[in-house]
Amino acid sequence: MSEALAPVVVKEIPPKAADLSAWYTAACLKAELVSYSPVRGCVVLRPYGFGLWENLRTHLDARFKATGHENAYFPLLIPESLLLKEAEHVEGFAPEVAWVTQGGSETLTERLAIRPTSEVIIGTMYAQWIESYRDLPVLINQWANVVRWEKATRPFLRTMEFLWQEGHTAHATAEEGREETLRILELYRDFAENVAAVPVYAGRKSAGERFPGAVETFAIEALMPDGRALQSGTSHDLGQNFARAYDITFVDADQRIKHAYTTSWGVSWRMLGGLIMVHGDDRGLRIPPKMAPIEAVFVPIVRSGDDRAIEVCTAAAERLSLAGFRVRVDTREEQPGWKYSEWDLRGVPVRIEIGPRDVDAATATLARRDRDKNDKDQRRTVALDRLAEVLPELLSDIQASLYAQAKAFLESHTYVVQDRAEFFRLCKDRAGMVDIAWCERAECEALVKAETSATTRVLRPLEEASATCVVCGEPAKVRAYFAQSY
RNA sequence: CGGGGCGUGGCUCAGCUUGGUAGAGCGCUUCGUUCGGGACGAAGAGGUCGCACGUUCAAAUCGUGUCGCCCCGACCA
C-alpha cells in the first residue's frame with residue numbers, strides 16, 4: 001500500500017540534519033523534558049526529564065556504592081574566605097561565581113558564594129574529619145545543584161544552575177588517589193557506553209584543559225552529530241593541592257604528619273543533552289531503554305462500541321509493571337496515529353499497540369523506536385502472554401542497536417591524520433575527532449585553537465616513540481584527539 | 001561579553017514600513033460521529049501585543065531603556 005511509504009511527518013520539530021541546534025532545542029521542549037523558566041539561563045526539569053535524570057542517577061549511584069562510596073550533602077553557600085584559599089581554583093572559577101551579599105535587610109560582612117563546585121566546602125570538612133591514616137580513604141559523593149554564571153546557555157548542555165553529582169575522596173598516598181581517579185573514569189566510560197549508549201573516548205586532559213587546581217584531569221568525550229565533542233564526565237586527581245590549601249592532614253603509620261591526596265569527579269545533566277543529540281532522529285528523541293523513563297507504552301485502539309483494548313492493555317501493563325518494567329497505558333482520547341507520533345517524539349523505545357484484531361487473537365503488536373516506519377521489522381506481533389518474555393530481548397536489542405549506530409558514527413568520524421594541512425582542514429570543518437601524534441606543548445595547542453577553534457579532547461599514550469607532532473614537527477609525546485567542542 | 005535575529009491567546013506566525021486599542025492556523029472546552037501512523041462536523045472560551053518610560057488627541061505599530069530567547073564568536077561541566 002502506498003500509504004505505508006508516506007513519510008512520518010513531524011510538525012513539532014525541524015529535521016535534525018539541517019540544523020542540529022534548532023532540532024535539539026525543539027526536541028527538549030516538545031518532548032517535555034524541560035521548560036524555560038522566568039530565570040535567565042535556568043530551565044525547569046519537567047517530570048519526563050526528571051525521569052531521565054533519575055535513571056542516570058540510579059545507574060551511577062549503584063556504581064558508586066559498588067565501589068565503596070557513600071552519599072552525603074554539603075551546604076550550597078560557601079564563605080568567601082574559604083573559597084580564596086586555593087589560588088588556582090579561585091582564579092579558574094572567579095568569572096562564573098554567583099554571590100550572596102545580603103541576608104534579609106542586612107548586608108553580609110562576608111559574601112557567600114553559591115557553590116560552582118564543592119571542593120572548597122568539602123575539603124574544609126575533610127580537614128576536620130581526617131586525623132589518622134586509619135580514617136582514609138574517605139569516599140563521598142553528593143548529588144547536588146551548582147550555579148555557574150554562564151553567558152550563553154542551552155538546555156542541559158549549559159545552564160546557570162544544573163544538577164550533577166560530585167564525588168570527593170581523600171587518600172593516604174598519591175598512588176591511591178590516582179587509582180581512584182582512574183577507577184571513576186572507567187566507571188563513567190562504562191556508564192556512558194553501556195547505559196546511555198553513548199560511545200566515548202576516555203583519557204587524560206591536556207594541561208590547558210585541566211580543572212583549576214588539579215594535578216591531572218581525565219575525561220570522557222562524546223561526539224555529537226555536528227562533529228563537535230561533548231565533555232561528558234570528568235575525574236580529577238587533585239594531588240595534595242587542595243589538602244594543602246584546606247589543611248587536610250593525617251598522621252600516617254610512620255607517625256609523620258602528611259597531607260592527604262584528594263580527588264573529585266562529576267557528571268552532570270549535560271550527559272542527557274549528549275544522549276539526546278547522539279540518538280535522536282527527525283521524529284524526535286530515541287531514548288536508550290536503560291535510560292528510558294517509559295520503556296514501553298501501550299496504545300489501545302478502540303472502535304465505536306468496542307473499547308475492549310483498554311482493559312486488555314491495562315491488565316497487560318499491570319502484569320509487566322509487576323514484573324519490573326516501566327510501562328504506561330495511553331488512554332487519552334486521541335487518534336492512535338497521533339499517539340504514535342507523540343511517543344515517537346518523546347523517544348519511548350517500544351510501543352505496544354493492541355486493537356480489536358489483537359484482542360480477538362490475544363496478541364499485541366510491538367513497534368520499536370529505533371527502526372523506521374518503512375522498515376518491515378519495525379513492527380511485530382506477539383502473543384499477549386509472551387510479552388514479559390519478548391520485551392527484555394527487544395529492549396536489549398534496541399539498546400544495542402542505538403549504541404552500535406552511535407559507535408559507527410564515532411568511528412566513521414574519527415580521522416587518524418599524518419598531514420598538517422589535512423589536520424587543520426578537518427579541525428576547521430568540524431569533521432569530528434581528529435587523531436594525531438602530538439607534542440603536548442601549550443603553545444602548539446593554542447596555535448591550533450586560534451587557527452581552527454579546535455582543542456585537544458583527550459590524550460593517550462603514544463605507540464611509536466619516534467613520532468613527531470603533526471602540527472609543529474616537534475617530537476611527539478602523546479596521541480591526541482582534537483575537536484571543536486561544546 | 002562582542003556581532004546578528006527575535007519577543008503578538010497554549011503553539012507557529014500575520015499585522016508594524018504609511019499610529020486609530022488585534023487576526024489566522026493549530027491547540028483548548030462541550031456535544032456527536034470516528035479511531036491499526038498526527039480524523040471530521042457543530043457550538044464555544046481565550047490575548048490588549050515581554051516589561052518600563054517617553055512622543056502623540058490616539059501606540060502592537062514611533063523613540064529610549066530594560067528583561068528574556070535563538071544563532072555566530074570568545075569563555076566555561
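Side-chain atoms are counted along with the backbone in the values below, which use heavy atoms only and exclude waters and symmetry mates. As the structure is a computational prediction, the values presented were derived from the model and not from experiment. Convention: sequence-line order gives letters A, B, ...; per-chain numbering from 1.
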Applying a 4.0 Å non-hydrogen cut-off, can you work out what [X] is touching in the nucleic acid: base, sugar-phosphate, or nothing?
| X | result |
| --- | --- |
| A:Q484 | nothing |
| A:Y486 | base |
| A:G355 | base |
| A:Q231 | sugar-phosphate |
| A:K339 | nothing |
| A:Y24 | nothing |
| A:L157 | base |

If you go through the side-chain atoms of A:R351, does one of them form a donor-acceptor pair with the base of B:G37 closer than 3.5 Å? yes

Has the side chain of A:R379 got a donor or acceptor that lies under 3.5 Å from a partner of the other kind on the base of B:G37? yes

Can you pull every protein N or O that's under 3.5 Å from an N or O on nucleotides 65-72 of chain B?
residue : atom : partner : partner atom : Å
B:C69   : OP1  : A:G41   : N            : 2.7
B:C69   : O3'  : A:Y36   : OH           : 3.4
B:C70   : OP1  : A:Y36   : OH           : 2.5
B:C71   : OP1  : A:S21   : OG           : 3.4
B:C71   : OP1  : A:R154  : NH2          : 3.2

Considering only atom [atom1], compute the distance from [N] to [M] and round it to an integer number of Å.
| N | M | atom1 | value |
| --- | --- | --- | --- |
| B:G20 | B:G2 | C1' | 41 Å |
| B:U56 | B:G9 | P | 30 Å |
| B:A42 | B:G37 | P | 26 Å |
| B:C13 | B:C70 | P | 14 Å |
| B:A24 | B:A14 | P | 16 Å |
| B:U61 | B:U8 | C1' | 11 Å |

All N/O contacts under 3.5 Å from nucleotides 24-28 of chain B to the protein, with atom names and distances to one decimal?
none

Ring centres under 6.0 angstrom apart (A:F74, A:H168): no

Is the A:F211-A:F93 ring centre distance short of 6.0 angstrom? yes

A:E180 and A:Y261: side-chain donor and acceptor closer than 3.5 Å? no

A:T169 and A:T263: side-chain donor and acceptor closer than 3.5 Å? yes

Distances under 3.5 Å between protein N/O atoms and the N/O atoms of nucleotides 29-34 of chain B, please, pair by pair.
residue : atom : partner : partner atom : Å
B:U34   : OP2  : A:S304  : OG           : 3.2
B:U34   : O2   : A:Q335  : OE1          : 2.9

From the list B:C1, B:G36, B:A77, which nucleotide is the closest neighbour of the side chain of A:S268? B:A77

Using the salt bridge (Lys or Arg N to Asp or Glu O under 4.0 Å) rule, collect all pairs that involve residues 47-61 of chain A, keeping only residues at least two apart or in two chains. A:D61-A:K65

Return a single string for nucleotides 41-48 of chain B, one symbol per nucleotide in 5' to 3' order, where B is base contact, S is sugar-phosphate-only contact and - is none, cutoff 4.0 angstrom on heavy atoms. --------

Does anything in residues 441-456 of chain A come within less than 4.0 Å of RNA chain B? Heavy atoms only, and list the residues if so. A:K449, A:S453

